[in-house]
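Note that the coordinates shown come from a computational prediction; the quantities given were computed from them, not determined experimentally. Order of the sequence lines fixes the chain letters, A, B, ..., with proteins taken first and strands second; residue numbering starts at 1 for each chain.
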Amino acid sequence: MIEDEWLTGWDPTPGIVSVWAEPDGTATLWRRLDRALIREELRFRPWIVTSYADELAAPGITYRELEGEGSLRFLARADDLATLTRAALAGAGRRRGHELGHVRELADEVIVLAPEEQYLCASGQTYFGGLAFDDLRRLQFDLETTGLDPDRDRIFLIGVRDPEGHVELLEGDEPALIARLVATIRAADPDVIENHNLHGFDLPFLQRRAELLRVPLELGRLPGPLRQRGARRGAAAGDRKIRFVAPGRELIDTLDAVLRHDFSTRELPSHGLKAVAKAFGLAADDRELIRGDQIHAVYQRDPERVRRYARSDVEEVALLARTLGGAAFALATMVPRRYERLADAGAATGVIDPLLVRAYLRSGAALPRPAISDGTEHSGAALHLFAAGVAHRVVKADVASLYPSLMRSFQIGPALDRLHALLAIVDRLVEKRLAAKAAAKRAPAGSTERHTFEALSAAMKLVVNSAYGYLAAPGLTRFADVHAANEVTRRGRDVLDVMCRGLAERGVTLLEADTDGVYFAVPETWSELDERRVVTEVGALLPPLVSLEYEGRYAAMLSHEPKNYALLGYDGKLVLRGVAFRSSRAEPFGEAFLRDAIAKLLAGDVVGMHRAYLATITALRGHALPTYDVSSRVRLTKPPAEYLASRDVRRELSYEAMLGAGRTTWSVGDRVRVYRTLTGANIVADPDDETIGVAVTDARDPRDYDTEHYVRLLRDTYASRLARAFTPDDFATLFGAPDQLSLFGAPIAEIGPVLTALGPAELG
DNA sequence: TCATACCGGGG
DNA sequence: GTGTACGGTATGA
């Protein structure tokens, strides 16, 4: 089937682990067959696609015209890419009446891919045929340096984990250190080199140090220094960003995989290695932690600690790369690009576009020039808040993959995609993904087989979910079509409306609806079966291929603002969502109060909630709370001199706190915990910041904070998040001026939470 | 106070 | 020879 060729190519050559090609038509393939590495030198014929045939009838160039509509219709080949670009530039120059310096100036008239991609696209080969992720030879290395600036700082230790899992710690004189790293890598001869932020830190730092120290940095399988390519994230090079390339090896940054993963799930607290390793359960319990800016100082007095730290770094990276890297590995079995490129590519421009270009060329079909915006506004998803306050017996129902489902159901694809290749690719991916998911389930937990199927499924999900984004990105993607994208969101809003109406008609109370999901409350008499039945019934009202799923049920919900709510599970677990409920600068006492108060409120204990409020006030006034609890974590962004210059005009708490504590020097970027005193401000030690274990013990706890300021803060910033749960009168009674509590309002015991419908439901 | 610009990571 | 989104924080008017 031609559609299968569109998806995975047509030449099943097995074992490709790296491809390198040059503009002169030479290519090198590294293939792993029965674990052994073989290297093949071969020739390919470079090609370009142009919108004009002028100058293509030149010696050495053969070309043919592609079929059908599409302005890019001449496929030209030559023994050398330079011959082709010269001809293309000459042709364009003659037609435009002025000389052109570079093919990038005629991006909408010529397609010129990187040489490797030309090779893969024309041959129909892809990476990793017949291989599993675990067949790759992967090496991880991590630099420990005296700082972040390679012009000033230096490398003092390098952790290396070889493909067999042995960790070696290289230490000593820096030039020898770098030379030993190179020798170690060349001896291990890995297919893949991995680290967290490899392209943003380790490689550029290493490259710069090697350059300054005049140590050759031959990390690839071909002779010569590292090459470069443009990239969106990577090392700064003038006004653009670049990434380094080592021909024959794939340089994989686990940060890319983390960003791609969190892009869809958005559940990671941070993208740093330590936080991610912990979140995925990859970190050992006794993992050594050292704050970045202290690593070198710790090394000088306790090198063993830094060695343990460096060892954990490379070990965690190896685990993380396997946990998240399978998706890019699976993409590389389908898309005609290097593995390394697919690991950091955006799914629309980096994955779908190359698939479509290969599909069209395979079918001998002319291609459109890249879509540009016709000025049509891109319309978005729907968001409704139906009610605010406290609701009980809450259910969440949502549609998985709403937009791709709509694209398939209503056959919404790019207008210029006359082969319907995008929809065909999405269809096949959805089907294959179901099969991959099922196969993953059948395979033993933890097996290579399960890892492979799960990775395949993740890769397919990534592509399917970006099909809509592909439509909505004119100027970025070749077949972008904003009208089609708007048709998808319009259908999406319709689906949400049908869901909301269908639910409301069946007697539930709608709370909040966003894009593809709804929260609603059900009557007291309903069982979980009733809830599920209603979701099934309403699901039947939706278009084919759009399936409504019962996502979960909760004992109670505090609905505050759109996308800001608290959920109390039947298991007692409390989840807070949205900016109103979580902020990095929140004072610990306020955050603790809010959690406690919401938990009690949702459990029906208004008296207990009120008591928690009074208890917090009492604790503040009695100085029973540690200073730490009223402090707020801030980042210092002005150097001391700058603040002193503006101090007379405007005083800022953070810097007043530093000065108040007698600290007249600090660095931009330092984080400190500050609090307000009666006379000014002060700072307090943060246990999280001190991993050395010395400073924490002398943390003082003066408790000289401004109690009334914090009592006001408690009411205005924290208790105010509970306002939607009560009538204004009751709220005033509960949280009014503390000294006049309960004088006029209803007795506290008689106050109950409310749920307020917000105007007529905006269901149109 | 509100809009907008910028970051996310690495030592 | 590239390009994500979005929530949070830092900045400027």
Answer yes or no for A:Arg154 and A:Phe205: cation-pi contact, defined as NZ/CZ to six-membered ring centre under 6.0 Å and angle to ring axis within 45°.
-> no
At what distance, to the nearest 0.5 angstrom, does CD of A:Gln140 lie from CD1 of A:Ile252?
-> 11.5 Å
To the nearest Å, give me how far apart CZ (A:Arg229) and C1' (C:dT2) are.
-> 10 Å
Just how far, in rounded Å, is P of C:dT2 from CG of A:Asp344?
-> 9 Å
So does A:Arg341 get a side-chain nitrogen or oxygen closer than 4.0 Å to the phosphate oxygens (OP1/OP2) of C:dT2?
-> yes
Atom pair distance, as rounded to whole Å: OH in A:Tyr470 and C1' in C:dG3 | 13 Å
Look up atom NZ in A:Lys278 and atom CD in A:Glu316, then write down how far apart they are to the nearest 0.5 Å.
-> 11.0 Å
Dump the intermediate steps for salt bridge (charged side-chain N to carboxylate O under 4.0 Å, His left out) on A:Arg287 and A:Asp313, then the final yes or no.
-> CA-CA 9 Å; A:Arg287 206 295 190 207; A:Asp313 268 11; 2.4 Å; yes
How long is the line joining CG of A:Leu342 and C1' of C:dT2, in whole Å?
-> 14 Å
Where do N or O atoms of nucleotides 8-10 of chain B meet protein N or O atoms at under 3.5 Å, pair by pair?
from: B:dG9; atom 1: OP1; to: A:His271; atom 2: N; distance (Å): 2.9
from: B:dG10; atom 1: OP1; to: A:Leu273; atom 2: N; distance (Å): 2.7
from: B:dG10; atom 1: O4'; to: A:Asn197; atom 2: ND2; distance (Å): 2.8

Atom pair distance, as rounded to whole Å: CD in A:Glu561 and C1' in C:dG7 = 15 Å
C1' atoms of B:dC6 and C:dA5, separation to the nearest Å | 14 Å
Atom pair distance, as rounded to whole Å: CG in A:Asp262 and P in C:dG7 | 12 Å
Please report, rounded to the nearest Å, how far the P atom of C:dT2 is from the CZ atom of A:Arg478.
-> 13 Å
Could you tell me whether A:Glu288 and A:Arg311 make a salt bridge, using a distance below 4.0 angstrom between a side-chain N and a carboxylate O?
-> no
Go through DNA chain B and write down every stem, that is, every run of at least three consecutive Watson-Crick or G-U wobble pairs with distances under 3.5 Å, as range with range.
-> B:1-8 with C:6-13
Let me know which of A:Leu157, A:Val306, A:Thr146 forms a side-chain contact (heavy atoms from CB on, under 4.5 Å) with A:Ile295.
-> A:Val306
Between C:dT2 (P) and A:Ile111 (CD1): distance, integer Å = 13 Å
When you check every protein heavy atom under 4.0 Å of nucleotides 2-7 of chain B, what one-letter string (B, S, -) results, 5' to 3'?
-> ------
Would you call the rings of A:Phe44 and A:Tyr119 parallel, tilted or perpendicular if under 30° counts as parallel and over 60° as perpendicular?
-> perpendicular
With sugar-phosphate meaning primed atoms plus P, OP1 and OP2, does A:Gly469 contact a base, only sugar-phosphate, or nothing at under 4.0 Å between heavy atoms?
-> nothing
Euclidean distance for P, C:dG7 against B:dG11 (whole angstrom) | 28 Å
Any idea how A:Phe280 and A:His261 line up, ring-wise: parallel (<30°), tilted (30 to 60°), or perpendicular (>60°)?
-> perpendicular
Answer yes when A:Glu144 and A:Arg305 have at least one side-chain N-carboxylate O distance shorter than 4.0 Å, and no when they do not.
-> no
What heavy-atom pair brings A:Ile48 and A:Leu84 nearest, and what distance separates the two atoms?
-> CD1-O, 3.7 Å
What pair of heavy atoms forms the shortest contact from A:Gly350 to A:Leu342, and how long is it?
-> O-CD2, 3.8 Å
